Amino acid sequence: MEPPDHDQGDEEPTGGGGDSNVIKFPGELTRLKARALYWRHWTMQQISEELQVPYSTVASWKTRHKWDEAPPIVRAQEGTLERYLALIDKEKKTGGDYKEIDLLGRQLERLARIERYREGGNEADLNPKRSNGAKAANAKKQEVKNLITPDMAAKLRADMEGQLHGRQKGWLLTSTNLRTRMILKSRQIGATWYFARERFLVGLETGKNQIFISASRAQANIFRNYIVQWVQKVCGVTLKGDPIVVQRGSDPEDDEAEALEPFELHFLGTNYRTAQGYHGDVIIDECFWIYGFEELFKVASAMATQKQYTITLFSTPSTLAHEAYPMWCGDRYNRKRPKADRVQIDISHEALKDGQLGPDGIWRQIVTIYDAIDGGFDLVDPEQLQQQYSIEEFDNLFRCIFLDDSQSMFPFAIMRRCMVDSWDAWAKDFQPYALRPYAGEVWLGYDPNASENGTGDDAALVAVAAPTKIGGKFRVLEKKRLKGLDFAAQAEAVREFHDRYNVTKIGIDITGAGKAVHQLVSKWFPMAHAITYSVATKTQMVLKAKNVITSNRLEFDAGWLDMMQAFMAIRPEITKGGTQVTYVASRAGGTGHADLAWAVMHALAFEPLDITEPASGTTTVEVYDND
């Protein structure tokens with residue numbers, strides 16, 4: 001504080017047109033008010049009129065006390081103190097007043113540290129943490145991982161909203177906060193991509209944990225990959241951990257920042273059974289394909305017991321016999337309820353295409369490939385897909401129509417026995433990302449393109465771990481779908497699998513391009529087994545596969561829905577002559593499209609029907625029929 005100012009020049013000259021209302025001796029307080037106004041860019045004339053002080057006096061103060069030379073820190077201190085005192089002086093203070101008083105108090109403390117530093121202090125005056133050295137000062141920053149600031153969160157939301165098509169925009173605007181929503185969707189319309197981002201933003205903005213559940217951990221990690229890649233791209237932050245604990249708030253070096261509770265991202269497969277202590281929003285992917293849905297939903301709904309949490313289920317349709325179907329159609333709600341309390345739910349596409357909240361509290365929606373296209377999704381060509389898939393497959397995959405697998409040789413009821421969480425079940429001897437994932441004996445099965453130029457059906461290649469003992473399990477370790485490749489490229493794909501595994505047997509269908517593929521593969525693997533399709537051959541392979549599956553001797557990752565669909569598509573059919581039964585996929589006018597299933601059966605066929613006999617595969621077998 002400057003001493004009271006009674007120096008010469010503070011008194012207005014007497015006589016000659018003086019205003020009788022002008023204060024003759026303004027004093028210290030008036031001068032400080034004049035200086036504060038000047039630093040707020042008032043003119044001296046405005047100050048003179050506001051404070052009723054002669055212009056010459058204001059000009060004298062400005063010059064004598066060097067107002068223009070005052071450093072910014074002094075100006076900031078005075079303005080902050082003035083506001084602080086004004087709020088302290090209020091008799092009735094609002095909540096906002098108390099928050100501002102707290103903020104101003106911390107600001108005065110910071111300005112005092114800056115003043116000490118200017119007067120010859122060190123960095124410890126600016127940041128007390130520096131008193132323990134640079135390592136201690138950076139400790140907080142090092143401890144904070146997975147930090148997403150408000151600016152980053154705003155960038156993420158803007159990036160997401162800029163990429164949504166119509167149906168996704170509808171989900172964001174109308175259904176994000178619904179208690180329970182169940183969406184029946186077409187394949188490949190970006191649902192997993194969307195819900196990964198939506199739920200991450202919900203976690204950022206509300207602090208609620210997000211729990212992603214899929215049929216297997218490998219499938220659940222698709223959510224994880226989408227989130228990690230997105231945050232890395234937009235914010236430059238690599239999220240790490242299992243679970244991922246996301247910190248919310250400002251830069252850790254900002255001591256004045258308000259701390260927000262972090263939230264967790266959990267990615268679960270069959271290990272959801274051990275997640276009893278988890279709580280948060282639950283997202284269940286491909287619910288119509290998960291084995292043991294009833295048990296899963298009991299655990300999932302327990303995690304979301306609190307009314308603040310939501311449950312989201314979405315999936316392509318499987319079969320009418322699946323455990324999740326009663327929840328979709330309302331039968332699960334009506335179960336064990338008096339007849340008078342039961343509800344009728346319209347699950348037609350017409351009723352649900354725009355989404356509808358049912359009387360059981362579940363918001364349902366059906367999104368076919370045509371609905372997605374109408375909403376602006378332009379990444380697929382439905383006519384091309386109709387050529388690629390059978391009528392039944394197209395209806396199931398893209399028009400959201402449930403399968404009736406009662407005529408299938410491999411209905412869902414028996415195929416679900418094959419579904420395992422491979423990351424957990426095979427962890428002892430299978431490392432999928434290693435250069436050599438599996439050290440044991442592997443048999444390859446290959447179902448080629450139907451045509452020699454690579455067009456037509458997809459080609460499928462599988463690596464199957466052979467049983468390690470008589471009656472042991474077959475495990476489908478890896479699969480690959482190939483489309484549009486000529487026979488040389490298909491043969492090279494077989495070679496890549498051969499180089500990754502300890503391959504002892506290879507079975508190749510020599511129909512179409514398969515003949516050329518077999519010739520090329522035989523040059524470096526002479527024992528490659530050629531399979532010529534016939535009624536007898538196909539019957540033997542199907543019956544062998546059926547025996548293996550019903551004996552619980554085949555396993556593949558529960559997230560491989562295309563494998564499930566391939567087996568379920570195979571059904572018996574009378575030959576044209578009407579004298580024999582053959583096996584085909586549900587495909588009009590063709591011999592089948594279940595390429596993955598046939599590829600697996602090519603490998604299983606190396607084990608004889610009598611499993612005590614040595615495995616075959618050293619000769620070429622061709623069986624013809626006269627039909």
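Keep in mind the model is a prediction, meaning the values are calculated, not measured. The chain is numbered in sequence order, starting from 1.
By the side chain to side chain donor-acceptor pair (under 3.5 Å) test, Asp374 is found to be paired with no residue, residues two or more places apart in sequence or in another chain being considered. Residues passing the ring pair (Phe, Tyr, Trp, His ring centres under 6.0 Å) test with Phe497, sequence neighbours excluded: none. For Tyr291, there are no ring pair (Phe, Tyr, Trp, His ring centres under 6.0 Å) partners at least two apart in sequence or on another chain. Residues satisfying the side chain to side chain donor-acceptor pair (under 3.5 Å) criterion with Glu441, sequence neighbours excluded, are Trp443, Thr504. Residues passing the side chain to side chain donor-acceptor pair (under 3.5 Å) test with Lys473, sequence neighbours excluded: none.
Using modelled atom types, one finds no donor on one side chain facing an acceptor on the other under 3.5 Å when comparing Ser214 with Glu286. Using a 3.5 Å distance cut-off with no hydrogens or angles, the side chains of Arg248 and Thr206 do not pair a donor with an acceptor. Side-chain N/O atoms of Ser348 and Asp346 include a donor and acceptor closer than 3.5 Å. Gln407 and Arg571 share no side-chain donor-acceptor pair at under 3.5 Å. In the model, Gln490 has a side-chain atom that pairs as donor or acceptor with a side-chain atom of Tyr446 under 3.5 Å. For the residue pair Trp193/Gln168, the side-chain donor-acceptor check at 3.5 Å is not satisfied. Inspection of the Arg181 and Ser175 side chains reveals an N or O donor paired with an N or O acceptor under 3.5 Å.
Using a 4.0 Å cut-off between a side-chain N of Lys or Arg and a carboxylate O of Asp or Glu, Asp429 and Arg475 qualify as a salt bridge.
Atom CZ in Arg179 sits 9.5 Å away from atom CD in Gln308 (nearest 0.5 Å). Rounding to the nearest 0.5 Å gives a distance of 7.5 Å between CG of Asp371 and SG of Cys400.
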Side-chain atoms of residues 553-563: list all donor-acceptor pairs with protein atoms under 3.5 Å, sequence neighbours left out, distances to 0.1 Å.
from	atom 1	to	atom 2	distance (Å)
Arg553	NE	Gly471	O	3.3
Arg553	NE	Gly472	O	2.9
Arg553	NH1	Glu607	OE1	3.0
Arg553	NH2	Gly472	O	3.0
Arg553	NH2	Glu607	OE1	3.3
Arg553	NH2	Glu607	OE2	2.8
Glu555	OE1	Trp426	NE1	2.9
Asp557	OD1	Ser216	OG	3.4
Asp557	OD1	Ser422	N	3.3
Asp557	OD1	Ser422	OG	2.6
Asp557	OD2	Ser216	OG	2.7
Asp557	OD2	Gly559	N	2.8
Asp562	OD2	Lys479	NZ	3.1

task = Any chance you could lay out the salt bridge (Lys or Arg N to Asp or Glu O under 4.0 Å) test for Arg217 and Asp421, step after step, and finish with the verdict?
result = CA-CA 6 Å; Arg217 289 179 61 194; Asp421 193 333; 5.4 Å; no
